[in-house]
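Shown next, in structure tokens, is the structure this report addresses.
Excluded from the calculations below are hydrogen atoms, water molecules and symmetry mates; all remaining heavy atoms, backbone and side chain alike, are included. Note that ligands are numbered from 1 as they come in the structure, with each ligand's atoms numbered from 1 the same way.
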Amino acid sequence: MRVLVIGSGGREHALCRSLRLDPEVTELHCAPGNAGIADLAVVHHIDPLSPEQVTHLAMGLDADLVVIGPEAPLVAGVSDAVRAAGIPVFGPSKDAAMIEGSKAFAKEVMTAAGVPTARARVCATREEAERALAEFGAPYVVKDDGLAAGKGVVVTDDREEALRHAERCERVVIEEFLDGPEVSLFALCDGNTAVPLQPAQDFKRAYDGDKGPNTGGMGAYTPLPWAPEGLTDQVMREVVRPTVEELARRGTPYTGVLYVGLALTSQGPKVVEFNARFGDPETQVLLDRLQTPLAGLLMSCATGTLKEEPRFRDGSAVCVVIAAEGYPGDPVKGDVIKGLTSTEHAYVLHAGTMRQGDDIVSNGGRVLTVVGHGPDQDSARRSAYELVSKIELRGSHHRTDIAL
Ligand code: AMP
Ligand code: GLY
């Protein structure tokens with residue numbers, strides 16, 4: 001099978017690594033990739049947001065499957081164009097990807113499907129925002145309606161800060177605060193059928209102790225030994241299947257991975273967000289534990305023939321993101337990274353990196369994901385942090401409390 005992966009993050013490096021380990025994959029390509037992916041796949045320098053360029057590349061490579069990693073190409077209609085050219089694609093259509101591309105649309109689908117989520121108001125003016133903030137009270141949750149790379153949400157007790165965020169965005173969703181631990185559950189979907197991966201947990205805030213601004217994610221682990229019994233079945237029943245059915249009913253069947261971000265509230269699991277793609281960095285730990293060969297799974301989603309429930313290996317995986325100075329604001333780029341090595345139980349996945357002569361230099365906000373694994377969470381965690389301590393990147397920061 002010839003596979004083309006679109007994207008350049010830690011998630012795509014993890015996807016490429018698992019695809020490389022699958023004997024069915026005879027050729028692996030990635031666009032635009034990064035310095036780590038270049039060791040596993042042929043990288044192509046095209047614009048991943050251009051439906052024409054991606055389709056042209058996929059056709060030129062005679063690709064059997066195109067796997068789209070990030071949300072931006074999905075929302076730009078890349079999967080529609082590739083599918084129209086007759087090539088199987090893992091990733092939803094532009095219309096189905098609006099489940100992530102518009103928070104207001106996601107709420108509308110959830111309401112129609114009877115999916116438990118926070119009560120919310122869509123606001124376009126200061127007056128509407130003021131009314132919604134008063135209705136739900138503090139802590140205030142204000143979300144940019146459109147895509148914002150994991151940085152569009154402000155949760156604050158400060159009413160002025162909440163209003164400022166609302167005014168910065170064209171349209172916001174203001175919603176009730178959901179209290180309780182957060183869980184990420186991903187479901188693979190082929191348009192009609194959906195099967196779950198195992199739950200994972202992400203650490204969204206920039207600094208230790210869940211302090212600081214929201215980020216794309218600073219670390220993750222799987223499985224969740226503390227998760228309530230039956231959680232996956234409940235979420236499949238109450239959230240995933242009704243959502244997939246509702247999207248199919250609207251004529252926009254969902255193909256790819258549905259990312260369900262949940263808060264486990266005292267009234268049961270409620271949806272915090274949907275994403276139209278694998279989560280980053282949860283994917284890095286989930287794929288570490290995935291036993292079922294990845295290419296066949298993704299292909300069965302792309303071709304509407306999904307049957308198999310993915311199997312996972314015993315044991316635990318923990319990952320830690322190393323971020324550039326300034327992230328999640330303006331990251332400093334171009335610093336040399338040293339100590340890029342692996343150990344028996346840990347390895348490095350690249351995100352914002354590029355090759356410059358003999359050096360590998362930083363080239364984005366989240367630069368590396370270090371993955372450790374072991375028979376239990378403690379040992380996986382230790383292995384990950386041991387390797388983190390060997391890596392040098394001037395000004396970089398990482399959380400020290402992932403999976404603690
Ligand atoms: P989102 O981009 O929707 O995932 O939001 C980013 C983060 O903001 C989530 O992972 C939560 O930590 C927090 N968040 C979003 N919505 C809510 C909510 N209704 N209640 C509490 N926290 C929230
Ligand atoms: N880790 C959160 C996300 O991928 O959106």
Q: Could you tell me if the ring centre of Phe105 sits under 6.0 Å from that of Phe274?
A: no
Q: Check each atom of ligand 1 against the heavy atoms of Lys143 and keep those under 4.0 Å away; list them by number with element.
A: 3 (O), 15 (C), 16 (N)
Q | Nearest-0.5 Å distance that lies between atom CG in Asp335 and atom CG in Asp359 | A | 11.0 Å
(Q) I'd like to know whether Arg121 forms a salt bridge (Lys or Arg N to Asp or Glu O under 4.0 Å) with Glu175, so could you lay out the CA-CA distance, the side-chain angles of the two residues, the decisive distance to 0.1 Å, and finally the verdict. (A) CA-CA 6 Å; Arg121 299 266 174 254; Glu175 65 181 36; over 6 Å; no
Q. Should Leu178 be counted as touching ligand 1, given the test is an N or O pair under 3.5 Å?
A. yes
Q. Taking distance alone, with no angle check, do Glu273 and ligand 2 share an N/O pair under 3.5 Å?
A. no
Q) Is there a heavy atom of Phe278 sitting under 4.0 angstrom from any atom of ligand 2? A) no
Q.
Regarding atom 2 (C) of ligand 2: of the candidates Gly217, Pro70, Gly216, which has the closest heavy atom?
A. Gly216
Q.
Can you name the atoms of ligand 1, numbered from 1 with element, that are less than 4.0 Å from a heavy atom of Val153?
A. 1 (P), 2 (O), 3 (O), 5 (O), 6 (C), 8 (O), 15 (C)
Q.
Taking CD in Gln291 as the centre, count heavy atoms belonging to other residues, nucleotides or ligands within less than 6.0 Å. Is the count above 12?
A. yes
Q: Return the option from Arg11, Glu282, Gln284, Arg277 holding the heavy atom at the smallest distance from atom 4 (O) of ligand 2.
A: Arg277
**Q.** Option of least heavy-atom distance to atom 3 (O) of ligand 1 (set: Arg119, Arg205, Lys103)
**A.** Lys103
Q. Any side-chain donor paired with an acceptor under 3.5 Å for Asp190 and Tyr254?
A. no
Q | His56, NE2 atom: more than 12 neighbouring heavy atoms under 6.0 Å | A | no
Q: Could you list the atoms of ligand 2 found under 4.0 angstrom from a heavy atom of Lys204?
A: 2 (C)
Q.
List ligand 2 atoms under 4.0 Å from Gly279, heavy atoms only on the residue side.
A. 4 (O)
**Q.** Close side-chain approach of Val332 to Ser362, heavy-atom, < 4.5 Å
**A.** no
Q: Could you tell me whether Asn214 approaches ligand 1 through its side chain, its backbone, both or neither, with non-hydrogen atoms closer than 4.0 Å?
A: side chain
Q: Indicate yes or no for a side-chain donor-acceptor contact from Asp64 to the backbone of Arg2 under 3.5 Å, with no hydrogens or angles considered.
A: yes
**Q.** Heavy atoms of other groups near Lys270 NZ, more than 12 under 6.0 Å
**A.** yes
Q) Hey, which atoms in ligand 1 end up nearer than 4.0 Å to a heavy atom of Glu182? A) 9 (C), 10 (O), 11 (C), 12 (O)
Q: Pull out every atom of ligand 2 sitting under 4.0 Å from any heavy atom of Asn275, numbered as shown with elements.
A: 5 (O)
Q: For Glu175, counting its heavy atoms only, list the atoms of ligand 1 lying under 4.0 Å from any of them.
A: 16 (N), 17 (C), 18 (C), 19 (N)
